[in-house]
Amino acid sequence: FAEPPASALPAPEFGAELVDGTRIRGSELWRERPVLLVFTASYCDRCREIHRAAAEAVEARDGAAAVLGLLGEDERAAGAEYAEELDLGHPVGVADERVWLNYAAREPGLVVLVARGGEVVRGWPAGVTAAALSDALDDLIES
């Protein structure tokens, strides 16, 4: 893995509960590889496409990156249905408002790229294409 840019900031640590009830910490995700955090909502059609683009970019890297969808706490009941409907093969969790605020996620559709080791490389507040995510991941994953 390549080092993140010098301008990268430490990723705020967070805890979330996956829709299957498993607890997870952000640092567990980015300890070994880069991770895309997708702040999403079950009612947001645009977010579904953003989430699919993130999963597509990660899948093309054969386990060298990860993706986690994060719903707001008010989405707890809809979370399992959202995950099942998208069927991306990647975890979806529920995070409280503090997590969203720590990542400046004011509304769903934000994607944040965290480098291996836990530094925020880039954020896309209005969503992003799979091609742009692929380019950003390629900068962090050495061939």
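In what follows, residues are counted from 1 in the order of the sequence shown. In this text, all values refer to a predicted model and were calculated from it rather than measured experimentally.
In the hydrophobic cluster analysis, where Ile, Leu, Val, Met, Phe, Trp and Tyr join through side-chain heavy atoms closer than 4.5 angstrom, Leu86 is grouped apart from Val128. Under the 4.5 Å side-chain heavy-atom criterion for Ile, Leu, Val, Met, Phe, Trp and Tyr, Leu36 and Val120 are members of distinct hydrophobic clusters. Residues Val38 and Val112 do not share a hydrophobic cluster, defined by chaining ILVMFWY side chains whose heavy atoms lie under 4.5 Å apart. The hydrophobic cluster containing Val19 does not contain Ile24, counting ILVMFWY residues as joined when their side-chain heavy atoms lie under 4.5 angstrom apart, directly or transitively. Cluster annotation: Leu113 is connected to Val67 through the hydrophobic network of ILVMFWY side chains, with a link wherever side-chain heavy atoms come within less than 4.5 Å.
Within a 6.0 Å sphere centred on CD of Glu13, heavy atoms belonging to other residues, nucleotides or ligands number more than 12. Within 6.0 Å of CD on Glu28 lie more than 12 heavy atoms contributed by other residues, nucleotides or ligands.
The distance from the CG atom of Leu29 to the CG atom of Leu37 is 7.5 Å, given to the nearest 0.5 Å. In this structure, CG on Leu18 lies 5.5 Å from CG on Asp20, to the nearest 0.5 angstrom. Atoms NE2 and CG, on His51 and Leu68 in that order, are 7.5 Å from each other to the nearest 0.5 Å.
Of all heavy-atom pairs spanning Leu140 and Pro4, the tightest one is CD2-CA, 4.1 Å. Glu32 approaches Arg116 most closely through the heavy-atom pair O-CD, 3.1 Å. In terms of heavy-atom proximity, Pro34 sits nearest to Phe1 at CD-CE2, 3.3 Å. Between Tyr43 and Pro108, the shortest heavy-atom distance links the atoms OH-CG, 3.8 Å. Looking at every heavy atom in both residues, Ala132 comes nearest to Thr129 through N-OG1, 3.1 Å. Closest approach of Ala115 and Val121 over heavy atoms only: CB-CG2, 3.7 Å.
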Under 3.5 Å, side-chain donor or acceptor atoms of residues 54-62 against the rest of the protein: list the pairs with distances, not counting sequence neighbours.
| from | atom 1 | to | atom 2 | distance (Å) |
| --- | --- | --- | --- | --- |
| Glu59 | OE2 | His90 | NE2 | 3.4 |
| Arg61 | NE | Asp138 | OD1 | 3.3 |
| Arg61 | NH1 | Ala57 | O | 2.6 |
| Arg61 | NH2 | Ser134 | O | 3.3 |
| Arg61 | NH2 | Asp138 | OD1 | 2.8 |

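The side chain to side chain contact (heavy atoms under 4.5 Å, CB included) test with Ile50 is passed by exactly one of Leu133, Val111, Leu110, Thr40: Val111. Considering Trp100, Phe14, Trp124 in turn, Trp100 is the only one that fulfils the ring pair (Phe, Tyr, Trp, His ring centres under 6.0 Å) rule with Phe39.
Under the 3.5 Å distance criterion, the side-chain polar atoms of Arg48 are matched with a main-chain donor or acceptor of Ser42. Side chain of Tyr82 to backbone of Ala41: no donor-acceptor contact under 3.5 angstrom is found. Formation of a donor-acceptor pair under 3.5 Å by the Glu73 side chain with backbone atoms of Ala95 is not found in this model.
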side-chain contact (heavy atoms from CB on, under 4.5 Å) assessment of Leu71 paired with Val92: CA-CA 7 Å; Leu71 298 160; Val92 174; 3.7 Å; yes
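Taking the charged nitrogens against the carboxylate oxygens, Glu49 and Arg52 do have a contact shorter than 4.0 Å, which makes a salt bridge.
Sorted by first and then second residue, the salt bridge (charged side-chain N to carboxylate O under 4.0 Å, His left out) pairs involving residues 93-114 (not counting sequence neighbours) are Asp96-Arg98.
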